[in-house]
Number of protein chains: 2
Amino acid sequence: MTVAEDLINELPAVEVSVTPLDKFREYLQTRKKRLTTEKTIVLDEVFSDHEHFAAEEFVDRLSQRKDQRRVSRATIYRVLNELEDAGLLRKVARTDGRDVYEHDYGYPQHDHLICSKCKRLIEFAAEDISRIVEEVADRHGFRTTGHRLEVYGLCAECSRPPRRRNPKLDLL
Amino acid sequence: MTVAEDLINELPAVEVSVTPLDKFREYLQTRKKRLTTEKTIVLDEVFSDHEHFAAEEFVDRLSQRKDQRRVSRATIYRVLNELEDAGLLRKVARTDGRDVYEHDYGYPQHDHLICSKCKRLIEFAAEDISRIVEEVADRHGFRTTGHRLEVYGLCAECSRPPRRRNPKLDLL
DNA sequence: CTTCGTGCAAAACCTTTGCATTAAA
DNA sequence: TTTAATGCAAAGGTTTTGCACGAAG
């Protein structure tokens with residue numbers, strides 16, 4: 001085994017130094033698309049923090065600005081589509097009539113528990129699910145590119161009964 | 001084992017004689033809602049055949065009619081929501097910006113393979129998935145009411161390479 | 001310079017709603 | 001006769017698009 005192979009085997013299955021920006025650049029280059037200021041602003045905003053978000057939240061945040069970092073609604077939607085295409089984002093749900101995105105870079109496959117009451121999204125990793133999905137797909141000659149599993153119900157907090165003060169009342 | 005128990009074990013887990021109309025009637029009565037001609041027309045159309053459909057398809061089909069069986073767009077949407085509420089329909093996906101419904105009565109839990117090319121929906125039953133979902137939910141103190149699993153990719157037909165005539169060309 | 005991207009405003013869509021009218025129960 | 005339901009048209013909301021202008025390669 002060479003030193004290089006040895007190194008590769010030691011590393012976790014994540015490409016350490018390739019940032020979202022790097023990946024986006026690569027995507028853009030292969031399509032003769034350009035890396036503009038606006039795209040950079042949206043990218044920064046997307047990967048600065050927000051786990052889950054809807055396009056309109058970015059519109060609120062970015063298209064109101066008075067300074068040089070303003071981006072229009074149309075461009076936000078266009079860039080978001082590009083980022084999805086580039087594999088940096090994916091749609092995970094639809095809440096209140098809006099598509100909800102999440103980061104899809106360097107993330108292991110995972111799915112969501114969606115609380116019907118507080119709308120919270122709880123992530124969980126389930127390799128078992130992916131395995132079963134592949135088995136089923138194989139059986140149908142279906143070539144998968146990915147999946148989305150949404151589990152509906154009430155989160156722990158929202159399903160906890162109120163009135164913890166007087167335990168006896170819980171019997172009613 | 002009694003004769004009754006024996007019979008139950010033989011029967012499939014479906015309530016045989018309760019029709020969608022019966023179930024809808026029951027739902028309506030408990031809410032002081034009315035069973036109108038329009039609701040009946042939509043119900044008939046929904047359960048006459050169509051496995052998967054979007055609301056707009058029904059609009060095309062029902063709101064164009066010149067006879068007595070015409071139903072307006074608004075009513076179609078309202079009835080569809082009622083049927084979902086009543087547990088007779090459920091949304092299973094979103095295609096081309098439209099919510100896709102399917103029958104949800106007497107059906108065992110199942111999920112879908114969705115072909116990105118031809119948009120076909122292929123159903124599959126996977127008890128394993130439901131089991132894993134419950135395990136995960138339990139671990140998070142999450143109380144589930146259901147789930148939706150969409151698997152994306154290409155169906156057998158759409159992923160079959162074209163040009164079967166000249167096998168040698170396939171090597172290109 | 002040439003081509004791609006941005007902003008704006010308007011359009012497209014699906015879905016919901018207010019209101020006057022009609023029809024169940 | 002009381003109250004819910006329908007149809008219409010319009011509104012609501014998100015997402016997309018045509019076009020003229022501006023910027024990147």
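In what follows, chains are A, B, ... by sequence order, proteins preceding strands, each numbered from 1.
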Per-helix bend value, the helix from C:dC1-D:dG25 to C:dA25-D:dT1, C1' rotation axes over five pairs per end, 10° rounding, shows 30°
Can you name the closest pair of heavy atoms from A:Cys115 and A:Cys118 and give their distance? SG-N, 3.5 Å
D:dG13 P sits how many Å from A:Arg94 CZ, rounded? 14 Å
With a 3.5 Å distance limit and no angle check, can you tell me whether A:Thr75 reaches the backbone of A:Val71 through a side-chain donor-acceptor pair? no
Establish, from distance only, whether the side-chain atoms of B:Glu57 and B:His52 form a donor-acceptor pair under 3.5 Å. no
Under 3.5 Å, is there a donor-acceptor pair between the side chain of B:Asp96 and the main chain of B:Arg98? no
Check each residue of residues 54-64 of chain A for a non-hydrogen atom within less than 4.0 Å of any atom in DNA chain D, then write out the ones that pass by number, or none. A:Ala55, A:Glu56
Identify, with sequence neighbours excluded, every residue that meets ring pair (Phe, Tyr, Trp, His ring centres under 6.0 Å) alongside B:His50. B:Phe58
Taking only distance into account, with no hydrogens and no angle test, what donor-acceptor pairs under 3.5 Å do side-chain atoms of residues 77-86 of chain A form with protein atoms, sequence neighbours excluded?
from: A:Tyr77; atom 1: OH; to: A:Glu56; atom 2: OE2; distance (Å): 2.6
from: A:Asn81; atom 1: ND2; to: A:Tyr77; atom 2: O; distance (Å): 3.4
from: A:Glu82; atom 1: OE1; to: A:Lys39; atom 2: NZ; distance (Å): 3.4
from: A:Glu82; atom 1: OE2; to: A:Lys33; atom 2: NZ; distance (Å): 3.0
from: A:Glu82; atom 1: OE2; to: A:Lys39; atom 2: NZ; distance (Å): 3.2
from: A:Asp85; atom 1: OD2; to: A:Tyr27; atom 2: OH; distance (Å): 3.2

salt_bridge(B:Glu135, B:Arg131) N-O dist < 4.0 Å: yes
I'd like to check the ring pair (Phe, Tyr, Trp, His ring centres under 6.0 Å) partners of B:Phe47; sequence neighbours left out, ordered by chain and number. B:His103
Neighbours of DNA chain C within residues 42-50 of chain B, by heavy-atom distance under 4.0 Å: none
Sorted by chain and residue number, the side-chain hydrogen bond (donor to acceptor under 3.5 Å, both in side chains) partners of B:Ser116 (sequence neighbours excluded) come out as none
Below 3.5 Å between N/O atoms, which protein atoms pair up with nucleotides 22-25 of chain C? Just atom names and distances, please.
from: C:dA24; atom 1: OP1; to: B:Thr37; atom 2: OG1; distance (Å): 3.4
from: C:dA24; atom 1: N3; to: B:Arg34; atom 2: NH1; distance (Å): 3.0
from: C:dA25; atom 1: OP1; to: B:Leu35; atom 2: N; distance (Å): 3.4

Between A:Lys32 and C:dT3, is there a side-chain N or O to OP1/OP2 distance below 4.0 Å? no
Just the rounded figure in Å: distance from C1' of D:dA5 to NZ of B:Lys39. 7 Å
Assess the side chains of B:Glu123 and A:His140: does a donor N or O sit below 3.5 Å from an acceptor N or O? no
Could you tell me how far apart A:Arg98 (CZ) and C:dC14 (C1') are, to the nearest whole angstrom? 16 Å
Flag for B:Thr37-B:Thr40: side-chain donor and acceptor within less than 3.5 Å: no
Evaluate whether atom CD of A:Gln64 has more than 12 neighbouring non-hydrogen atoms of other residues, nucleotides or ligands under 6.0 angstrom away. yes
Kindly write out the residues that satisfy side-chain hydrogen bond (donor to acceptor under 3.5 Å, both in side chains) with A:Glu134, not counting sequence neighbours, or none if the list is empty. A:Thr144
Heavy atoms only, 4.0 Å cut-off, all strands: where does B:Asp99 land among base, sugar-phosphate and nothing? sugar-phosphate
Side chain to side chain contact (heavy atoms under 4.5 Å, CB included) involving B:Glu150 - partner list, sequence neighbours excluded: B:Ala93, B:Ile114, B:Arg148, B:Tyr152
Linked hydrophobic residues, A:Val136 as query - side chain contacts closer than 4.5 Å: A:Leu113, A:Ile122, A:Phe124, A:Ile129, A:Ile132, A:Val133, A:Phe142, A:Leu149, A:Val151, B:Leu113, B:Ile122, B:Phe124, B:Ile129, B:Ile132, B:Val133, B:Val136, B:Phe142, B:Leu149, B:Val151
Give, ordered by number, those residues of residues 68-87 of chain B having at least one heavy-atom distance below 4.0 Å to an atom of DNA chain C; if nothing qualifies, reply none. B:Arg73, B:Ala74, B:Tyr77, B:Arg78, B:Asn81
